[in-house]
Peer 1: 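I have a structure I would like to understand better, so I am pasting it below and will then ask my questions one at a time.
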Amino acid sequence: MTLAAQLLDWYYKNARDLPWRKDTDAYKIWVSEIMLQQTRVEAVKGYYKRWMERFPTPEILAQASEQEVLHYWQGLGYYSRARNLLTGVKEVCAVYNGKVPADEAVIQSLPGVGEYTAGAIASIAYNRPAPAIDGNVLRIFSRLFCLREDIARQTTKREVRRLVQRHIPGQCPGDFNQALMDLGAAVCIPLRPRCQLCPLTNLCKAYELDIQDTLPVRAPKKQPLLVVLAAGLILYNGHYLVRQRPETGLLAGMWEFPAVELTDEQAAASELKETLWQECRQQVNVGTRQYHYIHTFSHRKWDIAFYECQWLSGEALPERTAWLSADELSTVPWAGPHHKVAVALAVRET
DNA sequence: AACGCGGGGAC
DNA sequence: GTCCCAGCGTT
């Protein structure tokens with residue numbers, strides 16, 4: 001038996017029942033693959049179902065606003081995925097008549113679609129024998145063939161790609177690729193792989209040498225930078241002062257309560273008061289601290305405190321700034337921990 | 001090649 | 001607490 005045959009036998013007995021495996025519509029595969037980038041299956045399921053109820057076709061998604069799309073993505077992370085998906089779907093509607101292209105290179109030309117995602121869509125939706133090298137595949141093949149190089153290196157990825165290319169079956173490449181995902185998720189897991197359950201142990205060099213726990217090799221990542229923030233909760237005439245983050249960078253386009261980065265945590269009140277005047281043109285007195293969160297991103301750690309403020313006076317609001325009623329707080333996409341506060345304030349109002 | 005970009009589940 | 005996930009785009 002070949003590697004593919006052994007793997008597929010296992011897959012057809014153990015495949016997960018996932019919402020995006022009901023059919024092979026290329027748009028649905030596309031959406032699922034984007035949502036699954038750096039994101040676990042369990043986290044995606046609910047978002048995928050809600051998305052497909054609201055945006056069942058490329059044409060419907062293409063007509064949606066970026067704000068609504070971000071709202072549906074709120075909490076899933078990596079929000080450029082949502083904007084790129086919207087941009088890409090518009091391109092598919094305008095250039096490809098609403099039909100996702102079948103050629104791998106053309107698929108990869110869409111924004112947000114890289115080598116992995118293009119291979120996944122081409123193989124699953126169009127039965128093309130394209131490799132789809134993700135973290136699972138890198139881990140599985142580094143163990144199967146005892147690759148001791150850092151899997152983040154380009155040379156390692158090229159080597160894995162060559163190996164996958166050699167083993168991918170012409171008949172059902174999509175099943176083969178998805179089988180690797182399921183194997184990586186359930187059996188060939190990062191820590192303490194469950195080799196007793198694995199259909200490929202007879203081919204696995206790491207298993208033969210009993211070094212599966214030492215693979216794959218991955219360079220350690222540095223710890224996130226601490227950022228201390230103070231945010232203002234300004235309630236005036238039944239409305240809260242909020243603003244939209246810049247179009248680029250962290251949490252781009254998401255909404256937040258006006259905040260300032262602190263160099264001196266003791267100066268929170270004065271810094272916040274100054275920022276609210278400079279950036280929002282509102283005069284306030286900073287009151288007591290109401291909420292406090294530690295929120296860790298991949299490369300930043302926010303220590304953010306929310307202060308109740310007393311509104312005194314103000315000029316016209318700058319761009320990307322607004323007064324929102326408690327009811328309206330649930331209508332915008334929120335930036336990270338600001339969402340928790342928005343929910344708490346909306347509840348408090350009722 | 002290195003970095004920016006989120007959030008949460010498993011241990 | 002740590003790890004890392006069905007990665008991509010920019011620099």
Side-chain angles (χ1 to χ4, degrees), chain A residues 15-16 18-21 28-48 70 73-85 87-88 107-125 130-140 149-157 164 174 176-186 188-194 213 216 218-225 227 245-246 248-254 293-302 333-340:
Chain A
R16 289 174 289 182
L18 301 173
W20 46 89
R21 286 182 178 172
K28 296 180 187 171
I29 302 302
W30 182 10
V31 171
S32 71
E33 290 301 337
I34 299 299
M35 285 187 172
L36 286 160
Q37 289 170 2
Q38 292 292 286
T39 311
R40 294 172 189 281
V41 164
E42 285 309 314
V44 168
K45 285 180 179 174
Y47 284 89
Y48 176 84
L70 282 176
W73 208 273
Q74 173 184 291
L76 198 53
Y78 287 147
Y79 299 94
S80 65
R81 295 185 293 178
R83 316 159 171 287
N84 284 334
L85 181 54
T87 305
I107 299 172
Q108 197 176 329
S109 75
L110 296 167
V113 178
E115 200 171 64
Y116 161 76
T117 305
I121 296 172
S123 64
I124 298 171
I133 314 297
D134 72 331
N136 289 302
V137 178
L138 288 170
R139 184 171 60 253
I140 292 168
E149 290 292 310
D150 184 348
I151 58 172
R153 290 171 60 92
Q154 236 6 269
T155 54
T156 313
K157 290 180 181 173
V164 172
F176 177 80
N177 285 336
Q178 294 186 88
L180 287 172
M181 309 302 166
D182 283 17
L183 189 74
C188 199
I189 53 181
L191 247 47
R192 310 272 304 259
R194 300 165 177 155
D213 287 301
R218 184 195 297 272
K221 54 190 67 172
K222 56 181 190 181
Q223 67 176 30
L225 184 72
V227 176
R245 293 175 62 83
T248 59
L250 183 64
L251 299 163
M254 311 289 281
Y293 297 102
I294 305 295
H295 188 88
T296 305
F297 303 93
S298 50
H299 62 302
R300 289 276 187 283
K301 179 147 86 171
W302 278 8
W334 287 99
H338 291 265
H339 178 56
K340 295 174 183 170

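In what follows, chains are A, B, ... by sequence order, proteins preceding strands, each numbered from 1.
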Peer 1: For the side chain of Lys221(A), starting at C-beta, report the closest nucleotide among dC4(C), dA6(C), dG6(B).
Peer 2: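 Among dC4(C), dA6(C), dG6(B), the one nearest the side chain of Lys221(A) is dC4(C).
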Peer 1: Identify whether any heavy atom of Trp20(A) sits under 4.0 Å from a base atom; if not, whether one sits that close to sugar-phosphate; answer base, sugar-phosphate or nothing.
Peer 2: base
Peer 1: Rounding to an integer number of Å, can you tell me how far Asp134(A) CG sits from dA6(C) P?
Peer 2: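 About 7 Å, once rounded to whole Å.
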Peer 1: For the side chain of Val41(A), counting heavy atoms from C-beta on, which of dA6(C), dC3(B), dG6(B) is nearest?
Peer 2: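 The closest nucleotide is dA6(C).
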Peer 1: Quick one: is Gln37(A) getting a side-chain N or O under 4.0 Å of the dG7(C) phosphate, OP1 or OP2?
Peer 2: no
Peer 1: Starting from P on dC5(C), measure out to CG on Leu76(A) and report it in whole angstrom.
Peer 2: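 Result: 16 Å.
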Peer 1: Does any part of the side chain of Val164(A), heavy atoms only, come nearer than 4.5 Å to the side chain of Phe176(A), both counted from C-beta?
Peer 2: yes
Peer 1: For Arg21(A) and Ala15(A), indicate whether the former's side chain and the latter's backbone hold a donor-acceptor pair under 3.5 Å.
Peer 2: no
Peer 1: Tabulated below should be each protein N or O lying under 3.5 Å from an N or O of nucleotides 9-11 of chain C; please produce it.
Peer 2:
{"from": "dG9(C)", "atom 1": "OP1", "to": "Gly112(A)", "atom 2": "N", "distance (Å)": "2.5"}

Peer 1: What's the gap between dT11(C) and dG6(B) when it is taken at their P atoms, as a whole Å value?
Peer 2: 16 Å
Peer 1: Between Ile29(A) and Ile121(A), what is the shortest heavy-atom contact and its length?
Peer 2: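 Closest approach of Ile29(A) to Ile121(A): CG2-CA, 4.1 Å.
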Peer 1: Nearest nucleotide by nearest heavy atom, which residue falls closer to the 5' end of DNA chain B, Thr155(A) or Gly336(A)?
Peer 2: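 So the residue in question is Thr155(A).
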Peer 1: If you check every side-chain atom of Tyr116(A), which of dC5(B), dC8(C), dG7(B) has the closest atom?
Peer 2: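 Between dC5(B), dC8(C), dG7(B), the one nearest the side chain of Tyr116(A) would be dC8(C).
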Peer 1: Hey, does the side chain of His299(A) come within less than 4.0 Å of dC5(B)'s phosphate (OP1/OP2), counting only N and O?
Peer 2: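 Looking at the OP1 and OP2 atoms of dC5(B), one of them is under 4.0 Å from a side-chain N or O of His299(A).
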Peer 1: How far, in whole Å, is dG8(B) from dC8(C) if one measures between their P atoms?
Peer 2: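 Per the computed distance, 22 Å lies between those P atoms.
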Peer 1: What integer distance in Å separates Gln74(A):CD from dG8(B):P?
Peer 2: 11 Å
Peer 1: Please name the pair of heavy atoms, one in Ile151(A) and one in Thr156(A), separated by the smallest distance, quoted to 0.1 Å.
Peer 2: CA-CG2, 3.9 Å
Peer 1: In whole Å, what separates the P atom of dC11(B) from that of dA6(C)?
Peer 2: 14 Å
Peer 1: Looking only at side chains, do Tyr116(A) and Glu33(A) share a donor and an acceptor under 3.5 Å apart?
Peer 2: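 The answer is yes; a qualifying pair exists.
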Peer 1: Ignoring backbone atoms, test whether Arg218(A) places a side-chain nitrogen or oxygen under 4.0 Å from the OP1 or OP2 oxygen of dC5(C).
Peer 2: yes
Peer 1: Do any side-chain nitrogens or oxygens of Thr39(A) fall under 4.0 Å of OP1 or OP2 in dG7(B)?
Peer 2: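 No.
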Peer 1: Please report, rounded to the nearest Å, how far the P atom of dT2(C) is from the CD1 atom of Ile294(A).
Peer 2: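 Rounded to the whole Å, the gap is 14 Å.
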Peer 1: Give Ile34(A) one of three labels, base, sugar-phosphate or nothing, depending on what nucleic acid heavy atoms sit under 4.0 Å from its own.
Peer 2: nothing
Peer 1: I'd like to know if the side chain of Thr39(A) reaches the main chain of Gln37(A), judged simply by a donor and an acceptor atom lying under 3.5 Å from each other, with no hydrogens or angles considered.
Peer 2: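 Yes; at least one donor-acceptor contact below 3.5 Å.
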Peer 1: For Thr117(A), which contact category applies under a 4.0 Å heavy-atom criterion: base, sugar-phosphate, or nothing?
Peer 2: sugar-phosphate
Peer 1: If we only count heavy atoms from C-beta on, is the Met35(A) to Trp73(A) side-chain gap below 4.5 Å?
Peer 2: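 They are in side-chain contact.
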Peer 1: Looking at His295(A), I'd like to know whether one of its side-chain N or O atoms comes within less than 4.0 Å of OP1 or OP2 on dG7(B).
Peer 2: yes
Peer 1: Between the protein and nucleotides 9-11 of chain B, list the N/O to N/O atom pairs that are separated by less than 3.5 angstrom.
Peer 2:
{"from": "dG9(B)", "atom 1": "N2", "to": "Arg40(A)", "atom 2": "NH2", "distance (Å)": "3.4"}

Peer 1: Could you tell me how far apart Arg81(A) (CZ) and dG6(B) (C1') are, to the nearest whole angstrom?
Peer 2: 8 Å
Peer 1: Can you measure Arg153(A) atom CZ to dA1(B) atom C1' for me and round it to whole angstrom units?
Peer 2: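 Distance, rounded to whole Å: 9 Å.
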Peer 1: Using a 4.0 Å heavy-atom cut-off, does Ser80(A) contact any base of the nucleic acid, only the sugar-phosphate backbone, or nothing at all?
Peer 2: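 The answer is nothing, as Ser80(A) stays clear of every strand by at least 4.0 Å.
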Peer 1: Output the single nucleotide from dG6(B), dC5(C), dA6(C) whose closest atom is nearest the side chain of Glu33(A).
Peer 2: dA6(C)
Peer 1: Do the non-hydrogen side-chain atoms of Met181(A) and Arg16(A) ever get within less than 4.5 Å of each other?
Peer 2: yes
Peer 1: Name the nucleic acid region contacted by Gly75(A), choosing base, sugar-phosphate or nothing; use a 4.0 angstrom heavy-atom cut-off, strictly under.
Peer 2: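 Sugar-phosphate only.
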Peer 1: dC4(C) phosphate, OP1 or OP2: any side-chain N/O from Arg139(A) under 4.0 angstrom?
Peer 2: no
Peer 1: State, with a plain yes or no, whether a side-chain heavy atom of Asn136(A) is found less than 4.5 Å away from one of Leu183(A).
Peer 2: no
Peer 1: With a non-hydrogen cut-off below 4.0 angstrom, is Leu18(A) in contact with a base, only sugar-phosphate, or nothing?
Peer 2: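 It contacts base atoms.
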Peer 1: Taking the C1' atom of each, how far is dC5(B) from dC4(C), in whole Å?
Peer 2: 15 Å
Peer 1: Taking the side chain as everything from C-beta on, heavy atoms only, tell me whether Trp302(A) gets closer than 4.5 Å to Leu250(A).
Peer 2: yes
Peer 1: Compute whether any side-chain donor of one residue and acceptor of the other, for Asn84(A) and Arg81(A), lie under 3.5 angstrom apart.
Peer 2: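 Side chains of Asn84(A) and Arg81(A): no pair found under 3.5 Å.
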Peer 1: Would a 4.5 Å heavy-atom cut-off, applied to side chains only, mark Ile124(A) and Trp20(A) as touching?
Peer 2: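 They are not in side-chain contact.
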Peer 1: Output the rounded distance in Å from CD (Gln154(A)) to P (dA2(B)).
Peer 2: 11 Å
Peer 1: For Arg245(A), report the nucleic acid contact type (base, sugar-phosphate, nothing); a contact means any heavy atom under 4.0 Å.
Peer 2: nothing
Peer 1: Give the rounded distance in Å between these two atoms: CD of Glu115(A) and C1' of dG7(C).
Peer 2: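 Roughly 11 Å, once rounded to whole Å.
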